[in-house]
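One structure is given here, and the rest of the page talks about it.
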Amino acid sequence: MKNIFKLSIGFLMAAVAFTSCNDQKSGQSGALRSSNAEKVYVAPGEHDSHYAFISGGYSGNLTVYGLPSGRMFKEIPVFSQFPTNGYGYSEETKPMLETSYGFIPWDDSHHPDISQTNGKLDGRWIFINGNNTPRIARISLTSFETEEIIEVPNSAGNHSSSFITENTEYVVAGTRFSVPIPQRDMAIKEYKGNFKGALSFISVDPEHGHMDIKFQVLMPGFNYDLSHPGRGKSHGWFFFTTYNTEEANTLLEVNASQNDKDFIAAINWKKIEEYVNNGGGTMMPANYAHNVYDEATHNATSTMKKEVRVVNPAEVPGAVYLLPTPKSPHGCDVDPTGEYIVGNGKLSANLTVHSFTKMLDAIENKKFDGDAYGIPILKFEDVLAGSVEQPGLGPLHTEFDGKGNAYTTFFISSEVVKWKLGTWEVIDRKPTYYSVGHLTIPGGNSREPFGKYMFAMNKITKDRYLPTGPEMEHSAQLYDISGDKMELILDFPTHGEPHYAAAIPAEIIKNNSRKIYRLAENQHAKKATSDADTKVVRDGKNVHVYMTMIRSHFSPDNIEGVKVGDKVFFHITNLEQDFDVPHGFAMIGANNAELLVTPGQTRTLTWEPKQVGVWPFYCTDFCSALHQEMQGYVRVSPANSNIELSWGLGEE
Ligand code: RUQ
Ligand code: CUA
């Protein structure tokens, strides 16, 4: 009684304190207002209105959240092995992580982007870049599985990626580090003038989504930081921010901050595409992996590609221009109309906005200010649309709400600032906790944003949550942006380091979500689609087990005749044809991970028994009342034993 009393008094006092605070500065404390709690409350059993796909950064993966609840639904493995379901461990998925450097079990993923048709999110696929070992992945938004990964040659630090054009003609990947192209042994201090930056245009097959590098533009040796497609009137162009136009190779924090202005590189990809379609460009020897997962065979294959088409900008006059942009710009964002190109100069006091119309005019009238390696530099004043004066410190990224407003994050002053396109006036600012990087508005990178929610992804968490040792998960903050002022309505933790995120209304995706794989359509060469198909076959030292799983047994569940030194391949098919009934498989002493096999799917785990004995396996996913009974044994005999292979289920 007493405690309840104390609690309610405390609550009242807090409520009073926050209300008065709100009156004074319409502030950050809004999160505690009960009307805000209602805004994010999704009652048990109800669904969220939006999906958010948040990059996992150094987890290498992609996480799926619901908005407005901030609940995490799934982690989709992309560039990293994922013991939770065996991705990158099973024989079927290992080829997804092949590269020209061999098998790579990890990457650093940054910028997810959802496929578009006519500049609108179509919800078919989501693309994301591997930053460290340059790769682009395509993930199906039907199965929520990674279906394809293509390595990007001639690239290093694949950061100005992966952004797509408005009909998903291309997914574009730009290099952060310039490097010798082709790679060769040379002195680092000879960087300037010799290294190059490759901007890769990867075509996407409109029906199946298959990726192919159409061409790479070999640019001067700057750092290409971020990029965005033109849209609407500027469709056909692509814009990249650059820094280190000084081409320094050491102590970049000083040496790459010398120039008053770096550039936004504007690439007329339509023009280059036409040139390439007419046979332009040069085929250059290369070596890069192209990994494709086939949903019908449940298998991935990896192919090494041996050449890539490169284009020198000098070969295609009128295709590449440089727009001077103050000081080491990071984000490069294009508004929904395609008219404004926002460059966020990290060290600049103002935000610079270029005009696409003025850019075309400056090109037409040759308003140049010299060139860099033959690429015309447009006159700053002649392309400038306007600037937002002193909006904050350390601008990073900008998104749009489709109502004529832009929202920019400021890392140093830890805030999101809302400003008006065209008048450049600041309308609102709200703090973020703390040191915000990217922000996302559903569809905020398309012609039709859904300007109801915005969330900020912060780099530093500190006291926002209960402490969890020296490392805290990063935090996101959700704002209601439907009114004039932004209102903070929720804090939620994220996983890894979210760089960008892509979000979309749930209706566009949820009805297409796959429920099962049809057994009748399973084309896996080693499937067993009924207990009658199960068998164990010896091929020299390789033993192939064709196994099935169904509530609540494996077939076979007893296997004898395996020997030390054998390599056992468990090819396991889940016979369930019911939504959300995976079974797991784990084998004692296996040097990899479990398998989580979804209904109708076949997966293979390799096990190399090292010790004589009788060794159990079991189902890892609590699938039924008799889940604990879902188990079996493999008898392992000495290498020289002559025990014949035998297997069975239900034999006494
Ligand atoms: S970055 S926090 Cu990798 Cu997109 Cu700007
Ligand atoms: Cu199958 Cu537990």
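Values in this document were obtained by computation on a predicted structure and should not be read as measured data. All heavy atoms count here, side chains included; hydrogens, waters and symmetry mates do not.
One side chain, Arg176 or Tyr243, offers a donor N or O that lies under 3.5 Å from an acceptor on the other. Looking only at atom types and distance, the side chain of Glu315 has a donor-acceptor partner in the side chain of Tyr275 under 3.5 Å away. Of the N and O atoms on the side chains of Asn344 and Thr398, at least one donor lies less than 3.5 Å from an acceptor on the other residue. No hydrogens or angles considered: nothing links the side chains of Ser387 and Thr352 as a donor-acceptor pair under 3.5 Å. Counted by atom type alone, Asn129 and His110 present zero donor-acceptor pairs between their side chains at under 3.5 Å. With hydrogens and angles left out, the side-chain atoms of Ser59 and Asn61 include no donor and acceptor closer than 3.5 Å.
Of all heavy-atom pairs between Gly157 and Pro134, the closest is N-CG, 4.0 Å. In terms of heavy atoms, Pro229 sits closest to Phe239 at C-CD1, 4.5 Å. In terms of heavy-atom proximity, Phe368 sits nearest to Ala362 at CE2-O, 4.3 Å. When all heavy atoms are compared, the tightest approach of Ile126 to Ala502 is CD1-CB, 4.1 Å. Looking at every heavy atom in both residues, Val320 comes nearest to Ile375 through O-CG2, 3.5 Å. Heavy-atom minimum distance, Ser227 versus Ser160: OG-O, 3.0 Å.
In this structure, Thr168 contributes its side chain and Gln116 its backbone to a donor-acceptor pair below 3.5 Å. Asp262 contributes a side-chain N or O that, together with a main-chain N or O of Ser328, makes up a donor-acceptor pair within less than 3.5 Å. In this structure, Tyr224 contributes its side chain and Asn158 its backbone to no donor-acceptor pair below 3.5 Å. Although no hydrogens or angles enter the test, the distance criterion places a donor-acceptor pair under 3.5 Å between the side chain of Thr63 and the main chain of Ile54. A donor-acceptor pair is defined here as one N or O able to donate and one able to accept, closer than 3.5 Å; no such pair exists between the side chain of Asp212 and the backbone of Ser203. At distances below 3.5 Å, not a single donor-acceptor pair connects side-chain atoms of Ser413 with backbone N or O atoms of Gly392. Proximity of a side-chain donor or acceptor of Ser475 to a complementary backbone N or O of Asn458 within less than 3.5 Å is not detected. In this structure a side-chain-to-backbone donor-acceptor pair under 3.5 Å is present from Gln258 to Val254. In this structure a side-chain-to-backbone donor-acceptor pair under 3.5 Å is present from Thr99 to Tyr101. The main-chain N or O of Thr357 is found under 3.5 Å from a side-chain atom of Glu339 such that the two form a donor-acceptor pair.
Rounded to the nearest 0.5 Å, atoms CD1 (Ile114) and OG (Ser446) are 9.5 Å apart. Interatomic distance, Ile149 CD1 to Ile104 CD1, rounded to the nearest 0.5 Å: 11.5 Å. Put simply, CG on Leu226 and OG on Ser161 are 8.5 Å apart, with the number rounded to the nearest 0.5 Å. Here Asp401 contributes atom CG and Ile441 contributes atom CD1; the two are 5.5 Å apart, rounded to the nearest 0.5 Å. Atom CZ in Phe411 sits 9.5 Å away from atom OG1 in Thr432 (nearest 0.5 Å). Of the inter-residue distances, the one linking Ile377 atom CD1 with Lys261 atom NZ reads 11.5 Å to the nearest 0.5 angstrom.
The side-chain heavy atoms of Asp382 and Asp361, taken from C-beta on, include no pair separated by under 4.5 Å. Looking only at side-chain heavy atoms (C-beta outward), Thr84 and Glu75 stay at 4.5 Å or farther from each other. Under the 4.5 Å side-chain criterion, counting only non-hydrogen atoms from C-beta, Tyr321 is in contact with Trp237. Using a 4.5 Å heavy-atom cutoff, the side chains of Glu415 and Val417 are in contact. Lys327 has its side chain out of reach of Lys346: every pair of non-hydrogen atoms, C-beta onward, lies at least 4.5 Å apart. At least one side-chain heavy atom of Glu148 sits less than 4.5 Å from a side-chain heavy atom of His290. Contact check for Met284 versus Asn154: side-chain heavy atoms found under the 4.5 Å cut-off. Val64 is listed as a side-chain neighbour of Phe53, based on a closest heavy-atom distance under 4.5 Å.
When ring centroids are compared, His111 and His438 come within the 6.0 Å threshold.
A salt bridge is absent between Lys305 and Glu151: the closest approach of a Lys/Arg side-chain nitrogen to an acidic carboxylate oxygen does not fall below 4.0 angstrom. Between Glu247 and Lys192, none of the side-chain N atoms (NZ, or NE/NH1/NH2) sits under 4.0 Å from a carboxylate O, so this pair counts as no salt bridge. Between Lys420 and Glu425 no salt bridge is recorded (no basic side-chain N to carboxylate O distance below 4.0 Å).
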*How far apart are the C-alpha atoms of Leu439 and His397, what are their side-chain angles, what is the distance that settles it, and do they pass the side-chain contact (heavy atoms from CB on, under 4.5 Å) test?*
CA-CA 7 Å; Leu439 79 173; His397 298 281; 4.1 Å; yes

_One pair to check against side-chain contact (heavy atoms from CB on, under 4.5 Å): Ile164 and Val171. What are the steps and the verdict?_
CA-CA 4 Å; Ile164 54 158; Val171 49; 3.7 Å; yes

*Candidate pair Trp419 and Arg429, rule side-chain contact (heavy atoms from CB on, under 4.5 Å), full reasoning*: CA-CA 9 Å; Trp419 51 276; Arg429 59 178 68 240; over 6 Å; no

*Quick one: do Asn277 and Lys214 satisfy side chain to side chain donor-acceptor pair (under 3.5 Å)? Show the steps, please.*
CA-CA 10 Å; Asn277 284 345; Lys214 177 99 171 175; 2.7 Å; yes

*Which is it for Asp225 and His330 under the side chain to side chain donor-acceptor pair (under 3.5 Å) test, yes or no, and what are the steps along the way?*
CA-CA 6 Å; Asp225 205 12; His330 184 60; 2.5 Å; yes

*Run the numbers on Met457 and Glu497 for side-chain contact (heavy atoms from CB on, under 4.5 Å), then give the verdict.*
CA-CA 9 Å; Met457 286 154 277; Glu497 177 180 355; over 6 Å; no

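Atom CD1 of Ile188 has 12 or fewer heavy atoms from other residues, nucleotides or ligands within 6.0 Å. More than 12 heavy atoms of other residues, nucleotides or ligands shown are found within 6.0 angstrom of NZ on Lys306. Atom CD of Gln183 sits in a crowded spot, with more than 12 heavy atoms from other residues, nucleotides or ligands closer than 6.0 Å.
Of the candidates Tyr170, Phe240, Phe238, Trp269 forms a ring-ring contact (aromatic ring centres under 6.0 Å, His included) with just one, namely Tyr170.
The aromatic rings of Tyr58 and His474 sit perpendicular, their planes meeting at an angle over 60°, well past the 30° parallel limit. Between His228 and Tyr500, the ring-plane angle classifies as perpendicular under the 30° and 60° cut-offs.
Cation-pi contact between Lys430 and Tyr479: absent, since separation from the ring centre below 6.0 Å together with deviation from the ring axis within 45° is not met. A cation-pi arrangement is not found for Lys462 relative to Tyr434, the charged atom failing to lie both closer than 6.0 Å to the ring centre and inside a 45° cone about the ring normal.
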